[in-house]
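Single-structure report; data block below.
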Protein chains: 2
Amino acid sequence: MISVYSFNEDGELLQEEKDTINRLSKMPLDSLNLDAVSVVTNIYRVAQGLRNKMEREVLSKHGLSWTSFSILYDLWIWKSVETKKLAELTAVSKATISNITKTLEKKELVFRRTDTRDRRITYVTLTDKGKKVMEELYPQFHKGEVEIVSSLSVNEQKDVSESLRRVIKENQF
Amino acid sequence: MISVYSFNEDGELLQEEKDTINRLSKMPLDSLNLDAVSVVTNIYRVAQGLRNKMEREVLSKHGLSWTSFSILYDLWIWKSVETKKLAELTAVSKATISNITKTLEKKELVFRRTDTRDRRITYVTLTDKGKKVMEELYPQFHKGEVEIVSSLSVNEQKDVSESLRRVIKENQF
DNA sequence: GTAATATCGTTTCATAGCTAACGATTATGA
DNA sequence: TCATAATCGTTAGCTATGAAACGATATTAC
């Protein structure tokens, strides 16, 4: 997990860190927004933990990474998707999509074919084997999601979602 | 950005997705916890956006990745750190620390030396050049953090942090 | 005191991910 | 028409990342 900051058990920034930041960066301490630091750190930590847990407990069975799985998911929902569209959906570069779908093709989970009319376009489609993998993995994946947030009440889940959605919108993430 | 799920503008799961999940995974729809899906998706999306924004707007000036930066940060605070400890702090493997510190050493931002008493141990230390880079980058990094969460009120920031901290604790992330 | 075990960092090999460059194709415009 | 521009996917070359294996060293057991 990549955290940048260190925190004590109560989620407070360590005194050493405040001192160092103050001394070395010439930033007055009151210009340090600790709430922002805390939000950013905790979000990153949860995201990384989430990804690691899923890859370890669910996806590793089939040697899939988070990104591979999210590509398979998109193909599961949308049947056949252009590589360009896949790049947008998963927000990685076209080059990465090219590499990952090549790997998935080697595993016979997807196949690629070129549009007959516009040969610049490549469609990616789930194979039957790929479909079976998704039918097996998706319920386990969702079970993992539920477990991870189970320490929050439904209302807290809704609140966190709403707040984060606003962050996403404002930053155009 | 790696999202797995698709959502409409209001953050609702698309009808196509519900249909497909229901039909293909043999999961009854009422066993699908959409709040959990939403929390997980939004967290991952913010984390990814955050990382990309920082790497693009702040860290790329010095060709640093998020992880490289977090290693430099730890060294900035703690002066000299064993590679094993660095691996724990940033939660990446020892192998990754080995490679990244090697890269940072090539850039003359850190140096490594072996403990004279226990030659299995390697300490990593920030160079003066590395210190300068941190003094330049840290205020910009913090500015980015503040910007990202600026759409939330201070109380909302505290609430989100508190919820996420509970998730981290429960899952031991 | 020596052999077995544990610890630590590095190397090796694989995938993921990015950018830049390239090649093929289609669209545009004079 | 034909040249130029725009679009799309792939390739090449790089860093990041992890797992497994390895080599050196230190610790423990007998």
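Heavy-atom basis, side chains included; hydrogens, waters and symmetry copies ignored.
Closest to the B/Ser98 side chain, of the nucleotides C/dT11, C/dT25, D/dT25, is C/dT11. Taking the side chain of B/Arg120 as heavy atoms from C-beta on, and the options C/dA6, D/dG18, C/dT19, the nearest nucleotide is C/dA6. Listed nucleotides C/dT11, D/dT17, C/dA16 differ in distance to B/Lys102; the shortest reach to its side chain belongs to C/dT11. Between C/dA16, C/dT10, D/dT11, one nucleotide has an atom nearer to the side chain of B/Thr83 than all others, and that is C/dT10. Among the nucleotides C/dT26, D/dG18, D/dA16, the one closest to the side chain of A/Asp118 is C/dT26. For A/Asn99, the side-chain atoms get nearest to C/dG17 when compared with the rest of C/dG17, D/dA16, C/dG9. Distances were taken from every side-chain heavy atom of A/Lys106 (C-beta onward) to each of C/dT15, C/dT10, C/dA16; the shortest belongs to C/dT15. In the set D/dT10, C/dT19, C/dG9, C/dT19 carries the atom at the smallest distance from any side-chain atom of A/Ala95. Nearest nucleotide to the A/Ser65 side chain, out of C/dA16, D/dG18, C/dG9: C/dA16.
Residue-level contact check: B/Ile97 touches neither bases nor backbone, having no heavy atom under 4.0 Å from any strand. Note on A/Thr114: nothing from the nucleic acid sits closer than 4.0 angstrom, heavy atoms only. The residue A/Arg56 sits apart from the nucleic acid: no heavy atom pair falls under 4.0 Å. Counting any heavy atom pair closer than 4.0 Å across all strands shown, B/Thr96 reaches a base atom. Among the protein residues, B/Arg117 comes within range of the sugar-phosphate backbone only, with heavy atoms under 4.0 Å from sugar or phosphate atoms but none that close to a base. Contact annotation for B/Thr103: backbone-only contact, meaning every heavy-atom pair under 4.0 Å involves sugar-phosphate atoms and none involves a base. Counting non-hydrogen atoms under 4.0 angstrom, A/Lys94 reaches a base of the nucleic acid.
Put simply, CD on B/Glu82 is 15 Å from P on C/dT7, counting in whole angstrom units. Between the CG atom of B/Asn52 and the C1' atom of C/dT19 there is a distance of 14 Å, given to the nearest Å. Rounded to whole Å, the distance from CG on B/Asp115 to P on D/dT25 is 13 Å. Summarising the geometry, the separation between CG on B/Leu72 and C1' on D/dT15 is reported as 15 Å, rounded to the nearest angstrom. Between the CD1 atom of A/Ile71 and the C1' atom of C/dT15 there is a distance of 12 Å, rounded to whole Å. If you measure from atom CZ of A/Arg119 to atom P of C/dT25, you get 5 Å, rounded to the nearest angstrom. Atom CD in B/Glu55 sits roughly 13 Å away from atom C1' in C/dA16 (whole-Å rounding). For the pair A/Ile100 CD1 and C/dC18 C1', the computed distance is 12 Å after rounding to whole Å.
The phosphate of C/dT19 has neither OP1 nor OP2 within less than 4.0 Å of any side-chain N or O from A/Ser93. Between B/Arg112 and the phosphate of C/dG9, there is no side-chain N or O to OP1/OP2 separation shorter than 4.0 Å.
Within the 3.5 Å criterion, the main-chain N or O of A/Lys94 finds no donor-acceptor partner in the side chain of A/Ser98.
A salt bridge links B/Lys143 with B/Glu147; the closest basic N to acidic carboxylate O contact falls under 4.0 Å. With salt bridges taken as basic N to acidic carboxylate O contacts below 4.0 Å, none links B/Lys131 and B/Glu135. The residues A/Glu162 and A/Arg166 are annotated as salt-bridged, a charged nitrogen and a carboxylate oxygen being separated by less than 4.0 angstrom.
Few gaps surround NZ on A/Lys53; more than 12 heavy atoms of other groups in view lie less than 6.0 Å from it. The 12-atom threshold is not exceeded at NZ of B/Lys132, counting heavy atoms of other residues, nucleotides or ligands nearer than 6.0 Å.
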